[in-house]
Amino acid sequence: INTIRNVIVALAVPSLVLMVAPGAWDYVAWSTSFALPASSLCFVECLETRSMPRKAWLLVMTVAPVVYGLELGKAFYYGYVLVSSSIIAYLCARRAMVALIPVALAVYVVAVPLASSSLTPDVLLNLVRQEEQQQSIGGMGGRDQLIRDGLSIWSRSPVLGVGPGNNYPYMLRYSTLGTAHNQYVNILIELGAIGLLCFAVFGYQAIRVGLELSRRARVRSHRRLVLAWLGMFGGFLAGGFFGD
């Protein structure tokens, strides 16, 4: 377990370059695939370690995908870290999280209108504008339109879908791109309502197993791995709404 963890984190390190040099994407994009699971693994350790230098390093590895995700306009990266870290924090410090939620909401309601004259923070508005400029939202190729096109294809074969592997040709024929950029719509297109139901059952059972293992684990490295995995799985389930 420790060896796997160390390899994943080591392969994620090159992606840190994107925090200061987003233009290096073509050279280190491969590393971001390891940065996402590394973020979850490092956050679990960050919550447990008492060494401040080590905690700082682990925190950098945790938030790195957020930084370059915001810089590059890739919602999957900062969305994944937000969901994954929230799940891990809740599992590790449930009472503290529940107590902090009303405090955070109160601060939000007071601070955000003072800073931006609206309940919607400027950073969120800027992210939406960035998505629109990149044509990820709006227009014929935006995610919203692709989802509508995908659901239109699914509505013709709602129970079993159009068949495995047929998402690409159907989306190319009836939309502007070969994917809905939404994993759940892709499943609906290919496998129909039955396929999505099977996936939902799989997700539910997987989470049940993870939660059971997190309660039963006695070895620290085992428990860390299970907590990180629960964060990863939740992050990817949420990320499925933004990509394939």
Side-chain angles (χ1 to χ4, degrees), residues 15 18 22-37 39 65-84 87 120-121 123-207 232-244:
S15 72
L18 294 172
W25 173 261
D26 290 340
Y27 303 99
V28 296
W30 60 269
S31 181
T32 62
S33 297
F34 299 96
L36 296 175
S39 172
V66 175
V67 176
Y68 54 73
L70 291 171
E71 183 70 24
L72 296 167
K74 294 185 178 295
F76 183 86
Y77 289 88
Y78 53 80
Y80 169 93
V81 175
L82 177 63
V83 173
S84 175
I87 291 171
T120 305
V123 63
L124 183 58
L125 293 174
N126 290 333
L127 288 174
V128 173
R129 294 191 193 102
Q130 188 178 40
E131 293 285 334
E132 290 175 339
Q133 289 172 358
Q134 295 178 347
Q135 297 184 336
S136 294
I137 300 176
M140 297 301 295
R143 281 186 170 86
D144 46 343
Q145 183 61 49
L146 294 175
I147 289 173
R148 285 194 291 268
D149 292 342
L151 292 176
S152 176
I153 295 170
W154 165 68
S155 67
R156 302 168 194 174
S157 305
V159 180
L160 293 174
V162 299
N166 287 330
N167 170 67
Y168 183 74
Y170 271 79
M171 282 295 293
L172 276 185
R173 177 164 182 171
Y174 298 108
S175 187
T176 54
L177 293 175
T179 174
H181 274 309
N182 183 300
Q183 186 61 36
Y184 305 103
V185 176
N186 289 341
I187 291 174
L188 277 174
I189 292 172
E190 293 195 355
L191 304 173
I194 289 180
L196 188 61
L197 177 62
C198 290
F199 183 80
V201 171
F202 159 73
Y204 171 74
Q205 294 288 6
I207 292 170
M232 292 180 210
F233 194 61
F236 281 116
L237 287 177
F241 287 101
F242 301 100
D244 306 311

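The side-chain heavy atoms of F202 and I207, taken from C-beta on, include no pair separated by under 4.5 Å. For the pair S84/V81, no side-chain contact is recorded, criterion being any heavy-atom separation below 4.5 Å from C-beta on.
Across T179 and L146, no two heavy atoms sit closer than the pair O-CD1, 3.8 Å. In plain terms, the two heavy atoms of G195 and I187 that are nearest each other are C-CG2, 3.8 Å. Of all heavy-atom pairs spanning D149 and S175, the tightest one is OD2-OG, 2.6 Å. When all heavy atoms are compared, the tightest approach of A180 to V185 is CB-CG1, 3.7 Å. Minimum heavy-atom separation, I189 to M171: CD1-SD, 3.9 Å.
Under the 3.5 Å distance criterion, with hydrogens and angles disregarded, no donor-acceptor pair is assigned to the side chains of E190 and N186.
Panel note: side chain S31, backbone S15; a donor-acceptor pair is recorded below 3.5 Å. Under a 3.5 Å cut-off, the side chain of S155 and the backbone N or O of S152 do form a donor-acceptor pair. At least one donor-acceptor pair under 3.5 Å links the side chain of N182 to the backbone N or O of F241.
The local environment of OH in Y170 is sparse, with at most 12 non-hydrogen atoms from other residues, nucleotides or ligands closer than 6.0 Å.
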Legend entry - side chain to side chain contact (heavy atoms under 4.5 Å, CB included) between V83 and F236, worked out: CA-CA 9 Å; V83 173; F236 281 116; over 6 Å; no
Legend entry - side chain to side chain contact (heavy atoms under 4.5 Å, CB included) between E71 and V67, worked out: CA-CA 6 Å; E71 183 70 24; V67 176; 5.7 Å; no
Legend entry - side chain to side chain contact (heavy atoms under 4.5 Å, CB included) assessment of L160 paired with I194: CA-CA 6 Å; L160 293 174; I194 289 180; 3.8 Å; yes
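Residue M232 holds its CE atom at 10.0 Å from CG of L36, rounded to the nearest 0.5 Å. With values rounded to the nearest 0.5 angstrom, L191 atom CG is found 13.0 Å from W154 atom CH2. Atom OH of Y184 sits about 14.5 Å away from atom CG of L151, to the nearest 0.5 Å. Separation of atoms OG (S39) and CG (L82) is listed at 10.5 Å; rounding is to 0.5 Å. Interatomic distance, Q145 CD to H181 NE2, rounded to the nearest 0.5 Å: 13.5 Å. Taking CD1 of I87 as the start and CZ of F233 as the end, the distance is 10.0 Å to the nearest 0.5 Å.
Judged by the 6.0 Å and 45° rule, R156 forms a cation-pi pair with Y174.
In this pair, Y77 and W25 present their aromatic rings perpendicular. The plane angle is above 60°, beyond the 30 to 60° band.
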